[in-house]
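One structure below.
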Amino acid sequence: AISGPADLPGKRVATIVDSTAVKYLREIGAQVQEFQTADELFAALLDEKADAVFANAPALRYFAAHDGMGRVSVVGPKINRQDIGFVFQLESPLRRKVNHALLSMREDGTYQRIYETWFGSE
């Protein structure tokens, strides 16, 4: 019954306490249920105490590809996408090594294989 954010108003939606999602969900009229941990979110969903979970995409995709496989699915568009990076001191010898390793993994397909192992295919 839920295929994206437009279906969330009036629904019980679990998310992490004090996250940026709380404000968004309240603004669209969802019944917000706040939990301390991702494990609590997913337990509420599986126990049918929540109609949906609203959290970061990697956590949702990991759960759907592993513990929730066959019982849940990730739906809707990504909202407020944010990239994650590594921070090094400018002169750190690790900076170039990590950049090179990440670039190589992208180019030879290793990154995609690892991603799909842990998060499923998009």
Side-chain angles (χ1 to χ4, degrees):
I2 298 173
S3 61
D7 299 322
L8 296 178
K11 299 288 193 302
R12 301 170 300 163
V13 183
T15 196
I16 297 293
V17 66
D18 294 329
S19 65
T20 55
V22 173
K23 180 181 177 193
Y24 171 77
L25 292 168
R26 286 193 176 128
E27 286 174 355
I28 65 168
Q31 297 175 24
V32 180
Q33 298 177 332
E34 297 179 65
F35 294 91
Q36 294 293 327
T37 68
D39 287 341
E40 292 173 326
L41 298 177
F42 299 126
L45 181 64
L46 294 177
D47 293 342
E48 298 182 13
K49 294 177 182 173
D51 301 311
V53 169
F54 196 94
N56 65 55
L60 296 175
R61 297 195 65 77
Y62 179 86
F63 181 75
H66 295 277
D67 295 339
M69 188 174 208
R71 301 187 290 172
V72 302
S73 61
V74 178
V75 300
K78 290 180 183 176
I79 298 171
N80 193 25
R81 181 183 170 159
Q82 298 174 341
D83 292 324
I84 297 173
F86 298 95
V87 178
F88 297 100
Q89 292 180 350
L90 288 176
E91 300 305 319
S92 172
L94 295 176
R95 194 171 124 243
R96 285 185 186 258
K97 289 179 182 179
V98 169
N99 281 341
H100 178 72
L102 291 171
L103 181 60
S104 295
M105 290 172 65
R106 287 275 190 180
E107 288 176 345
D108 71 12
T110 300
Y111 175 87
Q112 191 62 35
R113 285 192 301 278
I114 292 170
Y115 183 94
E116 289 175 4
T117 296
W118 294 103
F119 305 114
S121 58
E122 291 196 35

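With sequence neighbours left out, Arg113 forms a side chain to side chain donor-acceptor pair (under 3.5 Å) with Thr110. Looking at residues two or more places apart in sequence or on another chain, you find a side-chain contact (heavy atoms from CB on, under 4.5 Å) between Asp7 and Ile2, Ser3. The ring-ring contact (aromatic ring centres under 6.0 Å, His included) test applied to Phe119 returns Tyr115, not counting sequence neighbours. When the salt bridge (charged side-chain N to carboxylate O under 4.0 Å, His left out) test is applied to Glu34, the partners found at least two apart in sequence or on another chain are Arg26. Under the side-chain contact (heavy atoms from CB on, under 4.5 Å) criterion, Ser73 pairs with Val75, not counting sequence neighbours. With sequence neighbours excluded, the residues that form a side chain to side chain donor-acceptor pair (under 3.5 Å) with Arg12 are Asp51.
Atoms CD and CZ, from Gln112 and Arg106 in turn, are 7.5 Å apart once rounded to the nearest 0.5 Å. Annotation: the span from Arg61 atom CZ to His66 atom NE2 amounts to 10.5 Å, rounded to 0.5 Å.
Val17 belongs to no hydrophobic cluster, as no Ile, Leu, Val, Met, Phe, Trp or Tyr side chain comes under 4.5 Å of its own. Through direct or indirect side-chain contacts shorter than 4.5 Å among Ile, Leu, Val, Met, Phe, Trp and Tyr, Met69 is connected to no other residue. With side-chain heavy atoms closer than 4.5 Å counting as contact, directly or through intermediates, Leu90 stands alone and belongs to no larger hydrophobic cluster. Leu94 shares a hydrophobic cluster with Phe86, Phe88, Val98, Leu102; the chain of contacts runs through ILVMFWY side chains whose heavy atoms sit under 4.5 Å apart.
Environment of CD in Glu27: crowded, with over 12 heavy atoms of neighbouring residues, nucleotides or ligands closer than 6.0 Å.
Judged as a ring-ring contact (aromatic ring centres under 6.0 Å, His included), the pairs with a partner in residues 3-24 (not counting sequence neighbours) are, in order, Tyr24-Phe54.
Listed here is the closest heavy atom pair of Gln31 and Gly10: NE2-O, 2.9 Å. Across all non-hydrogen atoms, the minimal contact from Gly120 to Ala65 is N-CB, 3.9 Å. Contact between Ala64 and Val74 at its shortest, heavy atoms only, is CB-CG2, 3.8 Å.
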Report, one line per pair, each donor and acceptor closer than 3.5 Å where one atom sits in a side chain of residues 35-47; sequence neighbours left out.
from	atom 1	to	atom 2	distance (Å)
Thr37	OG1	Glu40	N	3.2
Glu40	OE1	Gln36	N	2.8
Glu40	OE1	Thr37	N	3.0

